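Notes follow the structure.
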Amino acid sequence: AYEFFIRHAAGLGKSPKKDDPHKYEHFHYHCDVLVVGAGVSGLISAEIAANNNYKVLLIEQEDDLGGEILSTRNQDIKIDNLPINEWKNKIVDKLSKNSNIKIVKNTTCFAYLNYNLLLAAQEIDPEKGLYKKNDIKERIWKIRSKKVILATGTIERPIIFNNNDRPGIMLSNSAKKYLNTYGVAPGKNLVFFTNNDSAYESAISLYNKGINVEAIIDIREQSQSKIVKKVKEAGIKIYWSHSIVDTAGYKRLNNVSIMKLSNDGTSVTGSKISISCDCLGVAGGWTPAVHLYTQSGSKLKFDEEKIVSSTGALSLKEVPKKLVVVGGGYIGLEMGSVWSRLGSKVTVVETLDRIVPTMDGEIAKEFMKMLTKQGLEFKLSHKVSSAKSGKSGVDVEMETSDKKKIKENYEIVLMSVGRKPNTEGLGLKKIGIKLTEKKSIEIKDNFQTSVEGIYAIGDVAPGPML
């Protein structure tokens, strides 16, 4: 009785009866340098290569060049002493007049094969839409390049919470892009949920256009960055150390429920707070887009010689003169303390404005004082943007909370930005073992799992990883 309605609701369409009126083609292209991605890095790379008389192909999946610049209206950000949009227009104008470079837009590079053969799909005249008839619709590029530069940027990560798939819930950067790139307000009454400063940039963009930002829910205890100060000056409510626990709404989002995080950040406490909204922007940090890089056969790994993990830090052959620890958690501080006592000059870089975020705030302050007396130097509210290994050590580029860039050289870089339990691929769910939201094995007070007779200890169990 319900089959007709269920199939109708599923959105099943009808197969076309007429031939496709569009045409498709493919052709080969050879160049010295292929640059994939026309953001800041891609534009600069293309300009340098073209100015050195290399034949350059620059491809971009959007219909305009600039990458993240296209969705940014913050004129405080400058390149070569020019506001970013002016800089972008200037370099694009230069590239368009350079005979050594070919620029192709609306093109997605989707395969990196052997011997630098890359495949890309170009959509021809997408602005014509349904009015396009008997024209070439798509073109497959088969590109052979001597050198390939991947400038594919990053992808914003979500944050997982209950009922996070309602209409009206989107990534924070998407909300900013709707507004600044397409001139579309994603909602009239917005809330942002974040663990970093990205959401604050989106909030200010919307606020400056007269759109109400009801609140920002931040899992961090505090941040002293310039963009956060702007949000405070705008009178936008910030709920520090809070998390979204549920959302409500039928056809679209109309409410979010939040609760305060416990001191160790592993649970929530107190009563629920309800906030009305019609759009929620989520910002869970950024992940580099390395799809093409991995297709090429390359692997992301530490060299464990100059850039090391905590495991590599235990195997150093001699005491480094200068060591930087990226991440102010338990493991990084423990390793830093050990090497400091052995005679190394240790610097700790942490993106937050405090160390060990899962530790009680007052205890963390006293802990930091103790480590400072040992000789450790702390750079809080600093973000490491790159670490390049060379003959003279590792050049580390950092960015402060107010966007000031710093470059320093260290003999050893210890990466200690967190761990995750190794529970994937073990088939635990098949035998009934339950996992927490953070993919740890759920245990009772006696370390027993949800299956009688099976126990879990160590880093696969909830709690600080040591």
Side-chain angles (χ1 to χ4, degrees), residues 24-72 79 84-85 87-126 136-157 171 173-174 177 181 286-301 385-388 397:
Y24 302 84
E25 70 173 18
H26 66 90
F27 67 91
H28 296 267
Y29 192 87
H30 294 258
C31 58
D32 296 319
V33 180
L34 167 64
V35 181
V36 183
V40 174
S41 299
L43 292 173
I44 293 174
S45 300
E47 181 185 39
I48 293 172
N51 288 342
N52 282 278
N53 291 321
Y54 290 110
K55 182 182 178 182
V56 180
L57 175 63
L58 173 63
I59 63 176
E60 167 59 42
Q61 66 179 4
E62 302 288 347
D63 61 356
D64 197 1
L65 308 181
E68 186 62 22
I69 293 177
L70 300 176
S71 60
T72 302
I79 301 176
I84 52 174
N85 286 285
W87 175 87
K88 189 267 290 186
N89 294 334
K90 183 179 179 180
I91 191 170
V92 169
D93 183 60
K94 282 183 181 180
L95 293 177
S96 62
K97 296 176 181 178
N98 194 318
S99 59
N100 290 332
I101 185 169
K102 183 176 182 64
I103 301 173
V104 185
K105 305 174 187 176
N106 300 307
T107 304
T108 300
C109 188
F110 63 88
Y112 197 138
L113 308 177
N114 295 333
Y115 306 107
N116 279 2
L117 170 63
L118 290 93
L119 305 181
Q122 180 186 13
E123 187 176 3
I124 309 298
D125 299 327
I136 298 173
K137 184 179 181 180
E138 290 185 356
R139 178 182 294 132
I140 295 295
W141 289 68
K142 298 180 178 180
I143 307 162
R144 288 280 187 187
S145 181
K146 295 179 181 177
K147 299 291 181 181
V148 179
I149 298 175
L150 299 177
T152 47
T154 58
I155 302 170
E156 191 168 28
R157 295 191 298 269
L171 292 173
N173 200 55
S174 297
K177 188 171 183 178
T181 304
W286 299 85
T287 297
V290 296
H291 312 73
L292 291 173
Y293 181 74
T294 53
Q295 284 184 32
S296 72
S298 301
K299 295 182 179 180
L300 300 173
K301 61 181 181 180
S385 53
S386 72
K388 297 179 181 179
E397 291 188 1

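FYI, the numbering just counts along the sequence from 1. Because the structure is a prediction, the values reported are computed rather than measured.
- By the 4.5 Å heavy-atom criterion applied to side chains, Trp141 and Ile59 are not counted as neighbours.
- Without hydrogens or angle criteria, Ser96 side chain to Lys94 main chain gives no donor-acceptor distance under 3.5 Å.
- Using modelled atom types, one side-chain atom of Ser145 and one backbone atom of Leu34 make a donor-acceptor pair closer than 3.5 Å.
- Within 6.0 Å of NE2 on His30 lie more than 12 heavy atoms contributed by other residues, nucleotides or ligands.
- Here the CG atom belonging to Asn89 is positioned 8.5 Å from the CG atom belonging to Asp93, to the nearest 0.5 angstrom.
- Under the rule for a ring pair (Phe, Tyr, Trp, His ring centres under 6.0 Å), Tyr115 has no partner lying at least two apart in sequence or in another chain.
- Atoms NZ and CD, on Lys388 and Glu397 in that order, are 6.0 Å from each other to the nearest 0.5 Å.
- Here Lys88 contributes atom NZ and Thr72 contributes atom OG1; the two are 11.0 Å apart, rounded to the nearest 0.5 Å.
- Note: Asn106 CG to Gln122 CD = 7.0 Å, rounded to the nearest 0.5 Å.
- Here the side chain of Thr181 pairs a donor or acceptor atom with the backbone of Leu70 at under 3.5 angstrom.
- Sorted by first and then second residue, the side-chain hydrogen bond (donor to acceptor under 3.5 Å, both in side chains) pairs with a member in residues 56-70 read Glu62-Lys177, Glu68-Ser71, Glu68-Asn173, Glu68-Lys176; sequence neighbours excluded.
- Expressed to the nearest 0.5 Å, how far CG of Asn98 lies from CG of Asn51 amounts to 6.0 Å.
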